[in-house]
Amino acid sequence: MNILHLRDNRQRGLHWSKPRARPIETLPVPDTLYIPISHWQQTTAELLVTTGSTLYKGQPLTRSYNHNVIITHASSSGEVIDISDNRIAIKTDGRDEVSDELTKTTDSLSRQEITDIAHRNGLTGQGGAGFPLARKIASLPQQPQLLLVNAAECDPDIHCDDALIQAYAPLVVESVLTIAEACEIDRVVIGIENDKTRSIEQLQQAMARQTARQNIELVTIPSQYPSGAENILLQLCTSEQPGPHESLASAGILSMNIATCYAMGQAVFNGMPPISRITTVVTPDGRHRNFKLLTGTPVNHILDYVAYERPIASIEQEVPLHVTQGGRMMSEALDTQAVITQQSNCITISNTKGVQSSVPCIRCGACSDICPVRLMPQHLHKAATHFDAQQLDNLNVDRCIECRCCDVVCPSAIPLTAQFIQAKEHKHRQNNEQIAADLAKQRYDKRQRRLQKERSGKRRTSLKEKAAPATPQSRKDLIAQALKRSAKKKPNDAADNGSSH
Amino acid sequence: MTGIAVITILAVIIGAILGYASSWFPADNDSLVEKIDRLLPQTQCAQCGYPGCRPYAEALANGDAEIDQCPPGGSEGIAALAALLDRKVIPLNPQYGVEKPLSVAVIREAECIGCTLCIKACPVDAIIGAPKLMHTVIYDHCTGCELCLPPCPVDCIDLVSDV
Amino acid sequence: MNTPTERSVSDVMLLVLLALLPGFCVFLYLTGWGGVINCMIAIVTALIAEAVAVRLRHGSVRITLTDYSAVVTAILLALCLPPLLPWWIVSLATLFAILLAKQVYGGLGQNLFNPAMAGYALVLISYPLDLSTWLTLPEGFSMSLSDALSIVFSGGLSQSEQYDALTGATALSRLYDLNLQSVDLAQLAPEISGTFGARYSEWLNLAFLIGGLALVFLKVITWHLPVALIAGVATCDLLIGGPYPDLTFHLFGGATMLCAFFIITDPVSAPAGNRARLIFGFFTGLLIYLIRSFGSYPDSAAFAVLLMNCCVPMLDRLDNHINSRPTR
Amino acid sequence: MTGLSLILLGTVLVNNFVLINFLGLCPLMGTSRQLSTALGMGLATTFVLTLASIASYAINSWVLEPLGLEYLRLICFILIIAGLVQFTELYIRKSSPLLHSVLGIFLPLITTNCAVLGVALLSIRENSSLIEAAFYGFGAAIGFTLVLLLFSAMRERLETADVPQPFRGTAIAMISAGLMSLAFMGFSGMV
């Protein structure tokens with residue numbers, strides 16, 4: 001059944017024209033970099049550096065054997081000045097010296113090697129979700145069937161992938177093929193929206209030189225939000241779709257963002273971990289500019305550099321800048337100490353907070369018409385406001401891809417997606433509590449049975465004792481017997497410590 | 001006179017039918033108790049006045065317990081019970097305790113004298129240790145029922161809300 | 001931070017009011033000053049009632065009134081009521097609609113029944129005489145404002161002796177007045193079976209049809225409800241064929257078009273899924289036909305809508321149940 | 001055949017027992033908080049009502065009238081209905097104890113439920129044959145169950161509505177029932 005239900009979004013307030021991606025610019029290296037120390041549930045990464053140790057570009061700062069904990073690297077040479085609240089502050093010395101321990105690999109790789117490289121270099125998905133790449137490759141089945149490269153970039157404000165392809169198309173195609181070869185995937189599909197004409201040309205030229213090795217195809221899809229969502233992109237490119245609750249990886253489909261492929265290529269070809277990334281910066285006056293930023297660059301550094309073009313009026317009235325990450329649709333507000341990470345694909349700087357007061361839902365159905373995975377957000381909203389886990393399950397809340405189309409078209413301006421995210425977490429937590437309760441019940445029943453058995457068991461032994469009075473055994477006899485038993489077992493040990501008791 | 005005869009014959013016939021019916025349909029009550037038990041948090045903490053979750057479920061099934069006697073279940077537990085038993089949602093009865101965030105018992109191992117009293121008291125076998133040797137609580141298994149606190153002679157167990 | 005929405009609730013309601021305009025003008029032309037007075041009383045009472053209710057519940061009066069939902073309810077109600085009614089009947093219907101059919105359920109978006117129809121049904125049942133006395137065509141418009149005001153504020157048309165030629169609301173209630181249950185249409189007076197233009201309610205329904213199609217085109221409402229209703233009325237007419245067999249009579253008589261495009265498409269009291277909307281529309285059409293042919297009330301739109309509003313929560317549950325099957 | 005369908009249409013829609021004749025209002029209010037309980041109550045009442053209508057008509061026309069004991073009519077009917085209700089209660093206790101505990105007092109209450117006794121008495125006056133009595137009882141039960149189901153779906157939706165404090169719970173249910181009967185008035189005069 002065609003899960004895709006992408007209505008022509010020009011009807012419903014989701015229509016916008018996307019300006020052409022601008023060339024990549026660079027910023028001067030900031031004076032301090034803040035590299036996060038990643039942790040996963042209770043395990044945190046092990047520190048390799050202490051305050052005061054000098055660093056070189058690309059040098060790993062932490063170590064961990066758990067695939068879920070991301071290893072972070074210094075993005076520029078300098079000296080560690082402070083390690084506090086999960087962050088390493090590095091004072092850069094401006095020399096930008098590359099560390100010499102970087103290991104290049106030229107020969108062909110096995111899946112295990114590529115997983116190690118991904119883990120060693122701390123590679124995570126750069127599409128915005130930030131899923132650890134090593135774990136994604138490891139969870140692939142024996143014979144994966146497809147590598148799906150996501151270059152769709154359907155959010156109206158994000159252009160970083162477009163700029164990346166135009167700048168490094170040959171390297172991108174090369175790294176895509178290397179990944180496919182390492183993971184023994186024979187079929188590669190790159191999905192890109194049809195309004196990125198220049199990138200498509202670049203990719204086609206680069207692919208023309210590579211046709212010798214594998215069947216790689218470039219599929220152009222209609223430019224409609226949210227065509228970049230994993231399962232929708234798969235549906236658009238190959239008209240297959242996974243089962244309702246299966247993740248793509250377990251269905252043998254490795255889906256990666258094109259920027260992640262490029263970062264993997266860097267790690268494989270010249271051993272450089274992902275210490276920088278291309279980010280679109282949307283300035284208050286609406287211009288989209290692409291910058292190559294070092295990870296760990298504080299957002300304030302970007303604001304100082306870019307913001308001087310702000311309209312004079314807003315500076316005088318001291319209107320606070322409102323900074324968000326994630327493009328126009330999947331935007332999350334950033335606080336003042338936020339830094340650039342591997343997931344910051346778009347930083348939007350705007351003067352107004354742009355939040356409308358919401359009015360109660362009038363069940364008009366605009367949201368259920370626009371929802372790309374055919375859910376009923378108006379019922380979900382009702383079930384989430386008065387939390388009802390059973391009803392949320394009936395309405396398949398787990399299939400919501402949080403694309404925020406319903407927020408845009410809702411006449412009552414209700415923050416639906418935020419509510420659904422919260423409801424999913426609450427439902428997840430309740431499931432865990434239910435599992436813990438079931439386990440506790442099993443342990444309780446087992447204990448009751450054991451106590452029952454002991455009580456009936458004791459009565460039987462006491463009967464035996466009444467039948468044959470036990471011979472009184474003093475402590476010394478017990479020790480002597482124990483010594484004899486151990487002497488039989490280990491003749492040599494018994495000799496040296498026999499007398500020590 | 002015939003009226004009385006008719007009434008008695010009618011009554012006898014209906015009585016006979018009901019007599020057979022009660023043997024054809026034996027009352028089975030435990031599927032309901034099972035459903036209620038599934039909703040309870042299984043901490044076996046006896047704060048509800050019944051020796052465990054199952055006895056409380058049985059009391060609820062035959063109606064001589066109220067749905068507001070389970071503090072670990074909290075307001076969500078009461079809402080679930082009200083939905084199942086189609087009763088009005090009522091707040092937790094403070095007499096049985098106050099709703100607290102999920103908490104876990106932690107033994108200060110240095111002071112533990114290994115008297116195994118808490119092991120015997122723990123309803124879900126979440127405490128491991130041998131006589132005269134150090135005891136400790138398994139973090140995931142502890143349901144926070146606080147039954148191990150009173151028996152401990154050196155009082156070295158304290159309750160930590162989930163970290 | 002949610003991105004600013006294109007079309008807010010007040011925009012939706014304004015679009016509905018705009019689409020009502022053509023029908024509204026024809027209505028005012030036919031009912032003259034009586035219609036205007038009705039509308040004014042209804043709108044004023046609706047706004048006051050809503051403001052008081054929201055104030056009592058400490059809500060913000062400004063936001064609630066600027067979503068124009070009360071104005072839409074008032075106008076829909078006024079379109080059903082005959083002109084020159086006593087003023088307290090109009091305000092009673094509006095008060096009931098706003099307070100008891102909407103605010104008591106928690107305000108916008110949570111009422112189960114269509115407020116306008118609930119108000120109209122209440123008044124229709126309690127004051128049948130007043131509700132079925134309409135002024136014939138020519139006098140309606142020529143009456144001056146002062147006369148109309150005097151009638152309205154002195155007990156309404158039914159009590160005033162000046163006018164004897166009183167007729168039913170629309171062609172349908174004319175039949176009801178002459179209580180001709182089964183009759184051959186040709187014998188009737190020309191304005192019943194006359195040419196398309198001359199009929200009293202033809203123009204009214206045509207105007208609402210145009211307004212409704214504009215709403216569908218602007219995507220304020222989906223096509224499912226109106227099409228289903230018209231299909232319901234049409235199939236009933238072809239299958240059962242009650243006393244008035246003529247199809248255009250049913251589609252363009254009474255308030256069918258007003259009901260199809262403006263009343264059952266009230267998103268709050270209509271079902272949420274498109275499949276459920278089709279069922280809802282079809283059965284409303286069916287009920288309109290049945291009550292109109294066999295029932296005792298001249299125009300059945302109000303009762304049909306209210307009856308189907310009772311089934312909406314059940315329809316929603318069934319729709320959800322079908323959607324929640326894992327195979328989807 | 002049309003006579004029987006007219007009876008059905010009459011009892012289910014036109015003079016619906018709950019909303020037009022206002023019989024059986026307490027189970028309507030009491031068991032309609034949840035759809036599952038409403039369904040259980042509806043089925044139980046349908047079973048009892050249909051059999052009660054048949055049995056009461058049979059008893060009346062074959063036993064009481066020939067013996068001239070019309071004055072015993074009320075006692076016999078109550079006896080029959082009580083027997084039927086007890087039978088249903090035993091069955092429900094076996095098949096679904098959850099429904100049994102949830103219905104609680106409302107299950108035996110069917111005996112004294114005015115709709116059930118009303119049907120039994122009315123079916124004698126209005127029907128001339130056993131089949132008509134059966135359809136009459138069945139129609140009344142279907143009407144009762146239909147209204148009960150719609151009403152409980154409505155109340156479940158009202159659970160999540162932001163109803164002002166004084167109107168929460170039964171008050172808003174009463175208003176909705178009032179509006180429902182207002183709607184059912186539309187059927188008057190149809191049959």
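Labels below follow one simple rule: chain letters A, B, ... track the order of the sequence lines, proteins then strands, and each chain is numbered from 1.
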Measure across [X] and [Y] and return the closest heavy-atom pair with its distance rounded to 0.1 Å.
X	Y	value
D:Val102	B:Leu84	CG2-O, 3.5 Å
D:Leu72	B:Gly3	CD1-CA, 3.4 Å
B:Ala61	D:Ser101	O-CB, 4.3 Å
B:Leu18	D:Phe87	CD2-N, 3.8 Å
D:Gly83	B:Ile14	CA-CG2, 3.7 Å

When you look at [atom1] of [X], are more than 12 heavy atoms from neighbouring residues, nucleotides or ligands closer to it than 6.0 Å?
X	atom1	answer
D:Tyr71	OH	yes
D:Tyr91	OH	no
B:Arg38	CZ	no
D:Met29	CE	yes
D:Phe138	CZ	no

How long is the span from the [atom1] atom in [X] to the [atom2] atom in [Y], to the nearest 0.5 Å?
X	Y	atom1	atom2	value
D:Leu67	B:Thr2	CG	OG1	6.0 Å
B:Ser22	D:Lys94	OG	NZ	13.5 Å
D:Leu98	B:Ile36	CG	CD1	8.0 Å
B:Phe25	D:Thr88	CZ	OG1	9.5 Å

Kindly determine whether B:Leu10 and D:Ile59 satisfy side-chain contact (heavy atoms from CB on, under 4.5 Å), including the steps that lead there. CA-CA 10 Å; B:Leu10 199 63; D:Ile59 296 284; 3.8 Å; yes
Bottom line for D:Leu69: the part with an atom under 4.5 Å from chain B's heavy atoms is side chain
Proximity breakdown for D:Leu99 and chain B, heavy-atom pairs closer than 4.5 Å: neither
